[in-house]
Every structure is written in structure tokens, then in C-alpha cells.
Amino acid sequence: MKSTAVRRATVSIAMAAALTGVAACSGSDSDGGSGGSSGESSGGGDKAAGKANPIAALRSVEKSTDKADSAKVESTTTMGTIMSMEADGALGWSDGLTGTLTITYTGGTMADQMRQLGTTSMEARYLPDAYYAKMGDKFAEQSGGKHWIKYAYDDLADLAGGSGAYMKDQMQNTTPNQSVKLLLASGDVKKVGAEKVRGENTTHYSGTVDVADLAGESSNLTADQLADMKRQLEQAGVTTETIDIWVNDEDLLVKKVEKGELATGSMSSTAFYSDYGVKVSTEEPPAGDTADFKDLMQTQPAA
């Protein structure tokens, strides 16, 4: 491979695919419109007494979602003018992030870079120690016939300093209930009310996270959890984040919409979850059809 366009694309795809998985599962560096920033600060009493308190309700949601281990996911993510993308597939989180997503780039400079490689869609496979991106035939022509790129998380940790370390941490530890943890950490959880999501009865909760205030808020998280949450957000450059979640009668997250301001601008993410407990089976692509991201970077000339 001698094309600098391919080199730029592989770097960008590494970041974009990682962030897509993160946004689909946790979104701790993402954004999305909601319109649910106001509502009742105490629950309605339509369920058990403990559920009348938003904090108690979200604690139950956190546990139920974590125990579910897997779900089907549909998400949309926007990062300013950099990219807009859609993702669809199934993810598991019982032992690190695993699963498969089909990612389609719908706009921004990322879509332009993908078009240079002959496609705007790719398959991403997530495994405990690495994820794999399947590129188009044009990429294969420039990479010795190999269609897949392997991104080992240890290699990502060396990419872009702290940003790479953040990606590695998120890819290996993220779960959908990360959004719930962020709401608990906000100290400002509100119950908006009962709403329908794709025909399903849900309860809508909302909150705003201010990273600078996290440590001082009455967050209902342990000191270690708070420190970890603040570290992750600061690594992403997040200053504030508005989070809205919709929870069904089984205390499972069915939708999240997030809005955040990064050091580099704004981001948005919306995700829908369904079929909790779905079987997730992901295999490594054939070694002979896979190029290693680290090797690609070593063989590329400087742009």
C-alpha cells in the first residue's frame, strides 16, 4: 500500500468504528437531540414505591441491563462535519464488547474518505482483544488482496495518545448501562413521564452531566466509580452532556438519546435496544484475508 488516502482512511476508520461501538453501547462521548430536559423530579408512583424515586429506578435499570448480557442495537451518530453514520447489529457485553455491526457512513468527511475506498458501508466485528473492519474491493486491491483490517486494542492505546487509551478502555469495558451510570452521576435525574417507544410502554428519564461538578455532586456512585467516570469523560474532551433514556416495564433500556459538547465541537447519538439476551456469536475473519492496522501504519509514508 502506497496511497496516503488509504493511510488516512485506515486511521479515521479506526476511530470512527470504535466510537460507533461506544456510542451504540454507552455513548459517554456522544450527543443527540432529546427535548426531555424538564419533567418531574420525583417518580409518579405507577410502580412499586421504590420506583417512585428516579435514583432507585435507575439503579434497578443499571442492574437489569447489565445482567441481560446482549441486545440488538440500532444507532445513529453525528460528529459535526466529520461524519454521520448509522449502525445496525447485535452486541454482547458479558466478557468485554463482542458482536457485529453493519456501519453505513451517510455524510461528512468520513463518507468522502470511504468513497475513495469504493464503499460507504462496512462490517465491524468486535472481539475482546480487537475489532475488525471489512473494507471494499478497492481497499483489497491496495492491500495485497486483503479485505479486513484488524485493530488490536493494545495498538489503539498507542494511537493519538490519551484518545487511543480512551478508545481501548471503552471498547473493552463499555456496556449500555453506561448511560444509566452517567445519569446517576449527574445528581440531577428527572422523571419526564410515561411515553411510547416503537409501540412499547416506557418511562422517560433525563439529566445533564457537568464533568467539572461530577466529583462534588451527590451522585449515588462509589468514589472509585465517580473517578473512573470523570476520567473517561475528560479523556473524550466532554464538558457537558445531556442524557435521555427510555426504560420498559422490565427495567431494560430501550432507547437513549445523548447530547454533548466536546473540546472539538458537538456530537449526537441515538440508540435503540431490543431482543435482550439474543445470542451473539462473532468469529475472527480469516487471517489470510486480514491486514493488521499497526503494520499498515508502519508501511505508510507520511502524508
Side-chain angles (χ1 to χ4, degrees), residues 3 5-35 71-91 97 99-126 131-140 142 147-149 151 156 160 163 167 170-171 174 176 179 197-198 236-238 241-246 253-262 264-275 293:
S3 168
V6 171
R7 180 180 186 274
R8 294 191 198 100
T10 54
V11 173
S12 300
I13 291 163
M15 301 179 73
L19 289 171
T20 299
V22 169
C25 254
S26 71
S28 61
D29 60 325
S30 54
D31 142 294
S34 66
K72 291 184 179 179
V73 182
E74 299 173 52
S75 70
T76 58
T77 303
T78 300
M79 298 172 62
T81 60
I82 298 174
M83 66 177 174
S84 297
M85 64 171 71
E86 300 174 352
D88 181 64
L91 296 172
L97 186 66
T100 302
L101 294 177
T102 298
I103 300 172
T104 302
Y105 299 89
T106 56
T109 55
M110 176 62 64
D112 294 338
Q113 289 182 340
M114 289 293 290
R115 290 189 190 99
Q116 294 181 33
L117 298 178
T119 183
T120 56
S121 181
M122 66 178 232
E123 178 183 339
R125 295 184 186 178
Y126 300 86
Y131 77 90
Y132 298 80
K134 186 176 184 180
M135 311 304 297
D137 290 337
K138 188 172 182 179
F139 171 82
Q142 301 175 351
H147 293 80
W148 291 86
I149 306 173
Y151 301 95
L156 285 183
S163 297
M167 282 193 288
Q170 288 291 284
M171 295 294 291
T174 191
S179 298
V197 174
R198 295 185 170 182
V238 177
E241 183 173 81
T242 300
I243 303 172
D244 288 80
I245 64 170
W246 288 256
L253 186 65
V254 296
K255 179 184 177 182
K256 78 158 179 71
V257 179
E258 304 191 10
K259 182 176 183 177
E261 292 298 323
L262 307 184
T264 55
S266 61
M267 296 177 64
S268 65
S269 175
T270 299
F272 293 90
Y273 306 92
S274 63
D275 296 304
F293 164 75

Point-to-point distance, once rounded to the nearest 0.5 Å, from [atom1] of [X] to [atom2] of [Y]:
X: Tyr132; Y: Met122; atom1: OH; atom2: CE; result: 13.5 Å
X: Met83; Y: Ile103; atom1: CE; atom2: CD1; result: 9.0 Å
X: Leu91; Y: Tyr126; atom1: CG; atom2: OH; result: 7.0 Å
X: Trp148; Y: Glu123; atom1: CH2; atom2: CD; result: 3.5 Å
X: Lys134; Y: His147; atom1: NZ; atom2: NE2; result: 7.0 Å
X: Lys256; Y: Thr270; atom1: NZ; atom2: OG1; result: 7.0 Å

>> Could you report the tightest heavy-atom contact between Ile245 and Ser179, atom names first, then the distance?
In response: CG2-CB, 4.3 Å
>> Testing the basics here: between Tyr273 and Leu253, what is the closest heavy-atom pair and its distance to 0.1 Å?
In response: CB-O, 3.4 Å
>> Does this structure show an ion pair linking Lys255 with Glu74, if we count only N-O contacts that are shorter than 4.0 Å?
In response: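 No, no charged N to carboxylate O under 4.0 Å.
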>> Does Arg125 qualify as a cation-pi partner of Tyr131, given the criterion of NZ or CZ under 6.0 Å from the six-membered ring centre and within 45 degrees of its axis?
In response: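 Arg125 over Tyr131 ring: no.
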> Could you walk me through whether Leu101 and Asp88 pass the side chain to side chain contact (heavy atoms under 4.5 Å, CB included) check?
Replying inline: CA-CA 5 Å; Leu101 294 177; Asp88 181 64; over 6 Å; no
>> Using side-chain heavy atoms (C-beta onward) and a distance below 4.5 Å, is Phe272 in contact with Val197?
In response: yes
>> Let's go through Thr119 and Phe139 carefully: what are the C-alpha distance in whole Å and the side-chain angles of both, what is the deciding distance for side chain to side chain contact (heavy atoms under 4.5 Å, CB included) to 0.1 Å, and is it a yes or a no?
In response: CA-CA 9 Å; Thr119 183; Phe139 171 82; over 6 Å; no
>> Holding to side chain to side chain contact (heavy atoms under 4.5 Å, CB included), I want the full list of residues that pass it with Thr106, two or more places apart in sequence or in another chain.
In response: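 Scan of Thr106 (side chain to side chain contact (heavy atoms under 4.5 Å, CB included), adjacent residues dropped) gives Ser84, Glu86, Thr104.
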> For Asp275, which residues count as a side-chain hydrogen bond (donor to acceptor under 3.5 Å, both in side chains) partner, sequence neighbours excluded?
Replying inline: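 Scan of Asp275 (side-chain hydrogen bond (donor to acceptor under 3.5 Å, both in side chains), adjacent residues dropped) gives none.
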> Listed by chain and number, what are the side-chain hydrogen bond (donor to acceptor under 3.5 Å, both in side chains) partners of Asp112, not counting sequence neighbours?
Replying inline: Arg115
